Amino acid sequence: MTDIRVRFAPSPTGYLHIGGLRTALFNWLFARGRHGTFILRIEDTDRDRSTEEAIQAILEGLTWAGLDWDEGPYRQTERLALYRQAAMDLLHSGHAYWCICSPEDLEARRKEAQAKGEPVKYDGRCRNRGILSPDQPAALRFKSPQEGQIIFDDLIKGTIAFDSAVLDDLIILRSNGYPTYNFSVVVDDALMRISHVIRGDDHVNNTPRQIPIFQALGYPIPQFAHLPMILGADKTRLSKRHGATSVLAYRDMGYMPEALVNYLVRLGWSHGDQEIFSRQEMIELFDFKHVQKAPAVFNPDKLRWMNAHYLRTSDPKRVAALLEPLLRKAGYDDHDFARIPGGIEALIPPLRERSETLLDFVSGAEPYLRETITLDETAARKYLTPAIVPSLKKFAERLEAAPAFTKEELERIVHSVLEEDGLKLSKLAQPLRVALTGRTVSPGIYEVMQLLGKRRTIERIRRGIAFAQTVASPGQRTETSDG
RNA sequence: GUCCCCAUCGUCUAGUCUGGCUUAGGACGCCGGCCUUUCAAGCCGGUAACACGGGUUCAAAUCCCGUUGGGGACGCCA
């Protein structure tokens, strides 16, 4: 059995996007599940569009997602001598030839062919010119086979056949000496002994052009697995038009990497009815047999649901670790974190039932992180009324005198007030909630009080009482009345 | 236009290879209910699909052909 060696080979012309992450994930899963090697290779042979920032963004995205690589990152621009050597070998063995057609000429001919409805391919006019040492800018072209068929068995799509007649002689070395994609991939996949080429199915058409190059170079042909594309809601290829497609943008929007990865693994792959997969399960269960052949539409709603699920079921420590940088980014610091008995971690259980993203935690945590709050006007007017003041007062007094600040004790006090004042819990809970958080929506009031601590709990109730009394004064009433 | 690939609820999908077990299952979303201290979460129920037309067969979502529709590729980009 040959070693499993796979690679993820992004071109650093932009950020790492959702589709790229999924391709990387499937490669990684395949390698990890078969004791294989996962190689990272940066395809930066396009000098004009490749950037260092993009490389960093790709590495950062993969790392965030938890996809670690065993070899690399290799950079093709550091391997140029290898491609040139291979190209010269091809020239000398008669598999390649110099072409002096200018890019402008080629472009013009392409347009003409397109307009006439003729096949758009290089006409091979330099093929028999036998140029040995060009004295003008020249590109090296590969002699593609002209007859027969090129057939390969795709692990996902099955047997795919192309007539060699549709192939033209592709350029393998640009006139600037840089290799082109179709050539450098083959050389690297061959040299790196890649056993399985797992990539997006936008590369299906490149495969019959690459296979003859493997053969001409004298290397074995790897297995191919072409993943279907990810589409946007309008069924066109996922792009910026569909909103956020950058992996790092999802991190910044408060998504957990395990949620994104789980969502992505189910986009095109399945294992019966199972939706939730641990890292280990994915590794063990992933196979090409259950990879879909048709493209899949990216569904942000399901991703959100998945994220909410992970938020609710993950270890609070884990969630807290991911949340902290977002809180800091929002302007909070250690001083704020220290206000909460139990720190950031204590926020997780109460808030996670109400959060779909970590950003929801950021806004939900505000009342507990700050020393004081601003009351929501509408909520305060509605619930902090003179009628509830006596009960609030009674509650605050008893709380102050209470021997402990446990949930049981809080519950006991609340119920004693309820009973004496003949109130239903909801009648007291909502005013308390508004006084304590400034809002109508929050975790349970006992949890809220625990997050606030005794001092802030009492202070906020007193402020709530003050508000209710201010509103009760005749002047205020007139002022705020809308008739 | 040429070439390649694909086709189950709105979306992700099970089932298709190895036809009958399917009144086509699950998930997201949506709708309703329960629970309830607000909002959620959770639980229960509902909504909704085999693109179409021909074959083959006792029997087809499952096999074959065609049509239609969709995606991808046609660069000295990757």
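To find a chain, count down the sequence lines: A is the first, B the second, and so on, and within it residues start at 1. Predicted model, so just to flag it, every value in this text is computed and none were measured.
- Base contact: A/Cys101 has a heavy atom under 4.0 Å from a base atom.
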Protein-nucleotides 62-65 of chain B N/O pairs under 3.5 Å:
none

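- A distance of about 16 Å separates the C1' atoms of B/U36 and B/C44, rounded to the whole Å.
- The distance from atom CD1 of A/Ile156 to atom P of B/C6 is 12 Å, rounded to the nearest whole Å.
- Pairing partner, B/C28: B/G10, with both Watson-Crick or wobble hydrogen-bond distances short of 3.5 Å.
- A/Ser391 and A/Asp421 form a side-chain donor-acceptor contact under 3.5 Å, judged by distance and modelled atom types alone.
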- [ ] Under the ring-ring contact (aromatic ring centres under 6.0 Å, His included) rule, what do A/Phe277 and A/Trp269 come out as? Steps first, then yes or no, please.
- [x] CA-CA 12 Å; A/Phe277 295 86; A/Trp269 175 78; 5.2 Å; yes

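- Checking A/Tyr263 against A/Ala161, the closest nucleotide of RNA chain B that is more toward the 5' end is the one next to A/Ala161.
- Nucleic acid contact class of A/Gly268 (heavy atoms, under 4.0 Å, all strands): sugar-phosphate only.
- Using P as the reference atom, B/A24 and B/U47 are 12 Å apart when rounded to the nearest Å.
- Qualifying salt bridge (Lys or Arg N to Asp or Glu O under 4.0 Å) partners for A/Arg109, counting only residues two or more places apart in sequence or in other chains: A/Asp123.
- Residue-level contact check: A/Leu173 touches neither bases nor backbone, having no heavy atom under 4.0 Å from any strand.
- B/C50 and B/C63 are spaced 15 Å apart, taking the C1' atom of each and rounding to whole Å.
- Side-chain atoms of A/Leu323 and A/Ile348, non-hydrogen and from C-beta on, do get closer than 4.5 Å to each other.
- Remark: C1' of B/C76 and CZ of A/Arg84 are 14 Å apart, rounded to the nearest angstrom.
- A/Tyr178 has its OH atom 16 Å from the C1' atom of B/A78, to the nearest Å.
- Of the side-chain N and O atoms in A/Lys293, one or more sit less than 4.0 angstrom from OP1 or OP2 of B/C6.
- Ion pairing of A/Glu275 with A/Arg266 is present here, as a side-chain N (NZ or NE/NH1/NH2) and a carboxylate O approach within less than 4.0 Å.
- The existence of a salt bridge linking A/Arg439 and A/Glu366 is confirmed by a sub-4.0 Å separation between a basic side-chain nitrogen and an acidic carboxylate oxygen.
- Following rounding to the nearest Å, A/Leu267 (CG) and B/A27 (P) show an atom-to-atom distance of 18 Å.
- Side-chain contact, A/Tyr368 with A/Thr437: no donor N or O sits under 3.5 Å from an acceptor N or O.
- Base pairing annotation: B/A48 forms no Watson-Crick or G-U wobble pair, as no partner gives both donor-acceptor distances under 3.5 Å.
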Protein-nucleic acid N or O pairs under 3.5 Å, nucleotides 15-25 of chain B:
from  : atom 1 : to       : atom 2 : distance (Å)
B/G25 : N2     : A/Asp273 : OD1    : 2.8

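- Between A/Leu106 atom CG and B/C74 atom C1' the separation is 14 Å, expressed in whole Å.
- Out of B/G26, B/C76, B/U11, the shortest distance to the side chain of A/Glu275 is found at B/G26.
- Comparing B/C76, B/A78, B/C12 by their nearest atom to the side chain of A/Ala296 picks out B/C12.
- Across B/G54 and B/U22, the matching P atoms stand 27 Å from one another, rounded to whole Å.
- Counting heavy atoms from C-beta outward, A/Phe8 and A/Arg41 have side chains that stay 4.5 Å or more apart.
- Residue A/Thr45 is classed as a sugar-phosphate contact, given heavy-atom separations below 4.0 Å to backbone atoms only.
- Nucleotides B/G25 and B/G15, compared at atom C1', are 8 Å apart to the nearest Å.
- With rounding to whole Å, A/Phe162 atom CZ is found 7 Å from B/C5 atom P.
- Nucleotides B/C12 and B/G71 have their P atoms positioned 13 Å apart, rounded to a whole Å.
- Contacts between residues 201-208 of chain A and RNA chain B, defined by a heavy-atom separation below 4.0 Å, involve A/Asp201, A/Asp202, A/His203, A/Val204, A/Asn205, A/Asn206, listed by number.
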Task: Base-contact (B) and sugar-phosphate-only (S) positions in nucleotides 33-47 of chain B, heavy-atom cut-off under 4.0 Å, - elsewhere - done: ----BBBBSS-----

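- Comparing the same atom, C1', in B/G32 and in B/U67 gives a spacing of 42 Å after rounding to whole Å.
- With A/Ile172 as the fixed residue, the side-chain contact (heavy atoms from CB on, under 4.5 Å) test singles out one of A/Tyr181, A/Tyr83, A/Phe183: A/Phe183.
- Along RNA chain B, the nucleotide closest to A/Arg237 and the one closest to A/Arg47 are compared, and the more 5′ of them pairs with A/Arg237.
- Using a 4.5 Å heavy-atom cutoff, the side chains of A/Tyr250 and A/Ile18 are in contact.
- A donor-acceptor contact under 3.5 angstrom links the side chains of A/Asp234 and A/His242, judged on distance only.
- With both ends at atom P, the span from B/U57 to B/C5 equals 29 Å, rounded to whole Å.
- Looking at heavy-atom distances under 4.0 Å, A/Asp46 makes contact with sugar-phosphate atoms alone, never a base.
- Taking only side-chain atoms of A/Arg266, from C-beta outward, the nucleotide of B/A78, B/C76, B/C12 with the closest atom is B/C12.
- Side-chain N/O atoms of A/Ser175 and base N/O atoms of B/C76 include a donor-acceptor pair closer than 3.5 Å.
- Proximity of A/Trp28 to A/Val6: side-chain heavy atoms (C-beta onward) are nowhere separated by under 4.5 Å.
- Within the structure, every pair that satisfies the side-chain hydrogen bond (donor to acceptor under 3.5 Å, both in side chains) test and touches residues 207-216 of chain A, not counting sequence neighbours, is listed here: A/Asp168-A/Arg209, A/Arg199-A/Thr207, A/Arg199-A/Gln210, A/Thr207-A/His226.
- With contacts defined as side-chain heavy-atom distances shorter than 4.5 Å, the pair A/Leu16/A/Leu59 does not qualify.
- In this structure, A/Asn182 atom CG and B/A78 atom C1' are separated by 9 Å, rounded to whole Å.
- A 4.5 Å side-chain heavy-atom check between A/Arg352 and A/Leu347 finds every atom pair outside the cut-off.
- The CZ-P distance, from A/Arg110 to B/U2, rounds to 19 Å in whole Å.
- A donor-acceptor contact under 3.5 angstrom links the side chains of A/Gln430 and A/Arg433, judged on distance only.
- For B/A60, there is no paired nucleotide, since no Watson-Crick or G-U wobble pair has both relevant distances below 3.5 Å.
- Looking only at side-chain heavy atoms (C-beta outward), A/Pro295 and A/Ile230 stay at 4.5 Å or farther from each other.
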